[in-house]
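Order of the sequence lines fixes the chain letters, A, B, ..., with proteins taken first and strands second; residue numbering starts at 1 for each chain.
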Number of protein chains: 2
Amino acid sequence: MTQPTSHDSVRAVQWQGDQLRLLDQRCLPGEERWVTCRDAESVHAAIADLVVRGAPAIGIAAAWAVVLAARAGQDMDAILQRLRSARPTAVNLMWALDRMRGRIAAGDTPAALEREAQAIQEEDLAANRKMGHLGAALIEPGSGVLTHCNTGSLATAGYGTALGVIRAGVAEGRITSVFAGETRPWLQGARLTLWELVRDGIPACLIADSAAAHLMKSGQVQWVVIGADRIAANGDTANKIGSYQLSIVARHHGVKFMVVAPCSTVDMATPDGDAIDIEMRNPEELLSFSGKRTVVEGADAWNPVFDVTPAMLIDVIVTERGVVKNPNAKRMQNVFGTA
Amino acid sequence: MTQPTSHDSVRAVQWQGDQLRLLDQRCLPGEERWVTCRDAESVHAAIADLVVRGAPAIGIAAAWAVVLAARAGQDMDAILQRLRSARPTAVNLMWALDRMRGRIAAGDTPAALEREAQAIQEEDLAANRKMGHLGAALIEPGSGVLTHCNTGSLATAGYGTALGVIRAGVAEGRITSVFAGETRPWLQGARLTLWELVRDGIPACLIADSAAAHLMKSGQVQWVVIGADRIAANGDTANKIGSYQLSIVARHHGVKFMVVAPCSTVDMATPDGDAIDIEMRNPEELLSFSGKRTVVEGADAWNPVFDVTPAMLIDVIVTERGVVKNPNAKRMQNVFGTA
């Protein structure tokens, strides 16, 4: 067993003055390999190929890509356009690029852009700690929680969104058991969330994604706690495929459903979930495993990697600006209307 | 692409006069390897280790194990006891052993027991064809269906239960698209169902188990069609883990839910789902893939391989004796009370 370390020790996105180091999440937990990006194009590739994933981490990496491009004197409009195309669903990518674009328009030097990217990264970490405490406070002592995908240090600047709430809830004694869905096809839950939890010394139990309803019926979980890739103006939430399914079975069992994400994930310009672009990825992600074909040749696969949980199935959205219980357009407007 | 063959060409359980040949389902679709069993103990191992799986196929294999034991002059009480222990949830195993026990008690010779095992196998094939037509008749032309696990020729004497309905429905033009959940952790859907469908030339599309709700929301499926490992007297149905979850999300979307199983799967001695023993398997099935560890050391997993779908979430149970719509104890009693 890996020796437990401090609760937010992993920093998967590291700026090193003139280059960006990314912990290659495709290789975990078997190997801790780092990828070094010296230009914006290699950051684009790292985002598209899932070297770095998780909505907040994608945004942070893109901000550093802008810094690399500015230092190289590249055409910034073209770079911003190119980076936006890396992945369509997580709005944090667009948010970070828009923020950097604003600084470029204001005439910032590369050094000033570097400070802006640093601020984006530091603000995300601070937001995660704030959300951790806000979310944990909603959970009754002695609760079991189920999470999906990876929303921890690997997916953010550190600590995590949903996993930050779980870290805080465990530290405060509110959460006494943690279950994680393996999260097919990419196994972010199995590979990444369990890796983080074991490093932290938090006992955690993996389940097949399709065992969630049976787990809930057994009475072992009181909350589902997940992250988000985009939250629309009415509270509809795009997140990893399977989140919508969990929200339905949670409601069926009276299990509460919490979405945890920084304000940078809230997209008030998107009215509802129907307007969110859901990324379809290569069917090969389902047809093969670790490069080995598991399905007969001639078979096809349907591989949407996100889905939309409607606001009506969400009990609470937690952000660093506050919590929105029973979210709808009006309640979202009250908190985020002046963003 | 494998050349399409006849719609029920695979015979995964083959009696050869003095030995039993089993298509090793752990190796599909990569390799068509056969395991030869010359005594009852090796059949027990084949059932426990998933060389042969699927409730009806397990029952048939166990009947042949009894024949092997009788020919070897073994202690039949001990053998029957031993075989019952191979897997706990599928009642077809107990049903086939009880049927063979009855013939032993009646003083049958090994040759007569051989005829009984042959009858069990042939009756299962006939039941599947009957159920195929009964089930398909309930499906509106132009429908899409989603299935789970493998319920085809590999899981039965041939043709299949839920997959038999799908084969009949496709042949009759009622079913125009077929989706299969990959069925973690053992990937019976990905490895076995797609293999059967591609062999039959039936276009089929694999999905992650957790994509089912998103698929239903897209309007591409009108029915979920699954098999069963045990159906209780009130219609509650034990089947592969994930079936219960599918029943909840199907009801949420107005998608119909059909259970297809021979009468040998109906257990009128079990009052309801709470009385069904749910098999827990080795956590390693979730922690590793193809012998390669995918989860960090120190992590645990919870691996129930079946769950129970309550009768109230089932629209229809199809057996060779007839269909039970909106199943409950009274309607089940009407059809199976005189079993």
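Within the 4.5 angstrom heavy-atom criterion, atoms from both the backbone and the side chain of B:D307 approach chain A. Only the side chain of A:K292 comes within less than 4.5 Å of a heavy atom in chain B; its backbone stays farther off.
Shown here for A:L287 and B:L206, the closest heavy-atom pair between the two residues is CD2-CD2, 4.1 Å.
Annotation: maximal heavy-atom pairing with chain A below 4.5 Å, among B:A301, B:A299, B:S210, occurs at B:S210.
For a heavy-atom cut-off of 4.5 Å, chain A lies close to B:I278 in residues 271-281 of chain B. Interface residues of residues 178-190 of chain B toward chain A, defined by a heavy-atom distance below 4.5 Å and sorted by number: B:E182, B:R184, B:A190. Inspection of non-hydrogen atoms places A:A212, A:A213, A:H214, A:L215, A:K217, A:Q220 of residues 212-220 of chain A under 4.5 Å from chain B.
In this view, A:S243 and A:N239 satisfy the side chain to side chain donor-acceptor pair (under 3.5 Å) rule, not counting sequence neighbours.
For the pair B:Q245 (side chain) and A:D209 (backbone), a donor-acceptor distance under 3.5 Å is present.
With contacts defined as side-chain heavy-atom distances shorter than 4.5 Å, the pair A:L313/B:H252 qualifies.
Atoms SG and CG, from A:C205 and B:D300 in turn, are 4.5 Å apart once rounded to the nearest 0.5 Å.
By the 6.0 Å contact criterion, CZ on A:R33 is open, its count of non-hydrogen atoms from other residues, nucleotides or ligands being 12 or less.
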